[in-house]
Colleague: 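Here it is, the structure in full.
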Amino acid sequence: MKLRNIATLMAGATATLCFISMTGQQANAGTIHKDWNYSIDAFNDGSGGSAYEIKGMAIKETSDSIFVALTGGTPLTGTYASGAADKNIGWGDLFFNFTDKTFKAASDANSLFGIRFAGTNDSIVSSTGVYKNVQAASVTATNDGYSSLKQYYDSGWNKQNTQGTDLATKTDAYAYFGEGSILNVIGSGTKVGDITMLTASALSAAGLDFSHFLASGDQTIGFQLNKSLLGFGDYVANMFLECGNDGVALAGAILPPAPVVAVTHQVPEPTGIAGMALVALAFVGSQLHKRFHEKVTLELDS
Ligand SMILES: [Ca+2]
Ligand SMILES: [Ca+2]
Ligand SMILES: [Ca+2]
C-alpha cells in the first residue's frame, strides 16, 4: 500500500499546510518506506546528461536527528564542466521552508533554513553546515546554467515528476518557485551547526533504500544533523544543481519538540493565577504533542 506523505497526514492536524496552500491543490505526496520519506524525481529531466540527473531525495526523522539522502549522477565534488567559471558543476545547497510562504517570499523574508553539504560548490557561505535566517541566491550564471526556471522548462525539460513526486508538475513548480532565477545556494544566513556526512553503508544501516523505487543513482549522498538545528512542522525541502539542470523537492513534517513538564519536589509549586496558568499551559502543550504523535503513528500504521 502506498502510504501518504506525512505532510498530507498532518493536513487535519494543522490549520495551515503550507504545501497545499502554496500550490492550491493537494500535494501529490511522496512515500514512506522503512521510516524514510521519499520524493522520486523524473529520470529524464537532467539537462546535459547522466552527470546532471537527479533521481530522488529522502528524509528520515528520529528522536534527535534528521537524515537526508540524495541520489543521482552528480558526485559530491561535482563534475568537470568547461563552461563553468570554476570548470566544475556540482550540487547546490539544500533548503527547508517551514513557512506558509512560497520559496521566493520565504527567501526574501530571510526565513529559509539552508544546508551546505557540498564543500566544493559555489555556495556564498564559507563552510558546510546548517544555516537559519537564510536568503537564497543563484549561481547558475557562473555554472553555464539556466538564467531562469522558465528557460529550463522552455528548453523542453518539463517532465512528469519534474521536481519529484511531491512537486510533480511545471504548474506546481511555478507556483512554488516562480518563473524567475533559480535560487540554488545559500546567499546569506546564520550558521547554527554542522552536519555529519554518512557513508553508503551507514545510510543502508539507517534503512535508506532508493532501489525500492528503482531510483538508485550512481552517486548517493547522505548526511545527518541534530534535529534541534532546524524548525519543526510542515516543510518543503528542495535542491537544484549549480547549473539548474535538475532539481528535486520533498514535502514532509518534523515533529515539534516535547514540552518540558517535569516538576520535582525541589521546585516551589506555582502559586496564584499566574502559576495556575503556567500549569494549564504545560498540560495543554503535553496533550497536543501526545495527540500530534498519536495521529501520525495511527495514520502510518493504517
Ligand atoms: Ca531528474
Ligand atoms: Ca561550480
Ligand atoms: Ca527534476
Side-chain angles (χ1 to χ4, degrees), residues 23 27-28 30 38-58 69-95 103 116-126 128 137-177 179 181-187 210 213-221 236-251:
T23 62
N28 179 14
Y38 289 83
S39 183
I40 304 302
D41 195 65
F43 294 169
N44 57 349
D45 67 340
S47 167
S50 60
Y52 308 100
E53 187 67 77
I54 296 167
K55 291 190 167 182
M57 171 159 61
L70 291 150
T71 193
T74 312
L76 179 61
T77 52
T79 190
Y80 175 80
S82 59
D86 65 350
K87 306 297 182 191
N88 180 283
I89 294 174
W91 298 85
D93 296 332
L94 177 72
F95 296 99
F103 183 85
R116 181 181 182 189
F117 58 90
T120 60
N121 78 356
D122 297 330
S123 183
I124 309 299
V125 293
S126 59
T128 60
S138 179
V139 294
T140 60
T142 51
N143 284 279
D144 199 19
Y146 289 99
S147 62
S148 67
L149 191 58
K150 186 173 190 306
Q151 190 192 29
Y152 168 77
Y153 285 127
D154 287 351
S155 300
W157 297 106
N158 177 28
K159 311 291 184 183
Q160 186 178 2
N161 298 328
T162 171
Q163 302 291 335
T165 32
D166 289 355
L167 200 61
T169 70
K170 182 177 78 170
T171 302
D172 287 346
Y174 279 165
Y176 185 53
F177 295 114
E179 299 184 15
S181 292
I182 297 172
L183 304 175
N184 52 357
V185 299
I186 301 167
F210 278 113
F213 304 94
L214 305 177
S216 297
D218 292 339
Q219 307 286 333
T220 296
I221 292 160
V236 176
N238 84 281
M239 204 289 313
F240 285 98
L241 298 180
E242 286 185 306
C243 47
N245 282 17
D246 202 357
V248 62
L250 179 150

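We count ligands from 1, going down the list as the structure has it; atoms in each ligand are counted the same way. Computation of the quantities below employed the complete heavy-atom set of this structure, encompassing side-chain atoms and omitting hydrogens, waters and symmetry-equivalent molecules. Just so it is clear, the model here is predicted, and its values are computed rather than measured.
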Colleague: Given 3.5 Å as the limit, does a donor-acceptor pair link the side chain of Asn88 with the main chain of Thr77, or not?
Modeller: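 Answer holds: yes.
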Colleague: How wide is the angle at the Ca ion (ligand 2) between O of Asn88 and OD2 of Asp86, to the nearest 10°?
Modeller: 100°
Colleague: From the N, O or S atoms in Asp122, identify the one nearest to the Ca ion (ligand 2).
Modeller: OD2
Colleague: Flag the pair Leu94 / Met239 as yes when at least one side-chain heavy-atom distance between them is below 4.5 Å, and no otherwise.
Modeller: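 A side-chain contact under 4.5 Å exists here.
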Colleague: Is there an N/O/S atom in Val248 that lies less than 3.0 Å from the Ca ion (ligand 1)?
Modeller: no
Colleague: Do Tyr152 and Asp45 come close enough that some side-chain heavy atom pair is under 4.5 Å?
Modeller: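 Yes, their side chains come closer than 4.5 Å.
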Colleague: Can you check whether Phe117 reaches Leu76 side chain to side chain, under 4.5 Å on heavy atoms?
Modeller: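 In short, these two side chains touch, coming nearer than 4.5 Å.
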Colleague: Of the backbone and side-chain N, O or S atoms of Ala42, does one lie nearer to the Ca ion (ligand 1) than 3.0 Å?
Modeller: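 Under 3.0 Å: Ala42 contacts the Ca ion (ligand 1) through an N, O or S atom.
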Colleague: So which N/O/S atom does Glu53 have closest to the Ca ion (ligand 1)?
Modeller: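 Going through the N, O and S atoms of Glu53 one by one, OE2 ends up nearest to the Ca ion (ligand 1).
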Colleague: Compute both the distance and the angle, then confirm whether Lys87 meets the cation-pi test with Tyr80: under 6.0 Å from the six-membered ring centre, within 45 degrees of the axis.
Modeller: no
Colleague: Hey, is there an N, O or S on Gly247 sitting under 3.0 Å from the Ca ion (ligand 3)?
Modeller: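 Within the cut-off used here (under 3.0 Å), Gly247 does place an N, O or S atom near the Ca ion (ligand 3).
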Colleague: Just checking Lys150: does its NZ atom have more than 12 heavy atoms from other residues, nucleotides or ligands closer to it than 6.0 angstrom?
Modeller: no
Colleague: Can you tell me which N/O/S atom of Glu242 has the shortest distance to the Ca ion (ligand 2)?
Modeller: OE1
Colleague: Strictly distance-based, threshold 3.5 Å: is any side-chain N or O of Trp91 a donor or acceptor partner for the main-chain N or O of Pro75?
Modeller: yes
Colleague: Looking at Asp45, pick out the N, O or S atom nearest to the Ca ion (ligand 1) and give its name.
Modeller: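 Checking each N, O and S atom of Asp45, the shortest distance to the Ca ion (ligand 1) belongs to OD1.
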Colleague: Any sub-3.5 Å donor-acceptor pair from Asn184's side-chain atoms to Leu241's backbone N or O?
Modeller: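 Yes.
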Colleague: Among the N, O or S atoms of Asp41, which one sits nearest to the Ca ion (ligand 1)?
Modeller: OD2
Colleague: Within 3.0 Å of the Ca ion (ligand 2), is there any N, O or S atom belonging to Thr142?
Modeller: no
Colleague: Report the angle formed at the Ca ion (ligand 3) by atom OD1 of Asp246 and atom O of Thr162, rounding to the nearest 10°.
Modeller: 150°
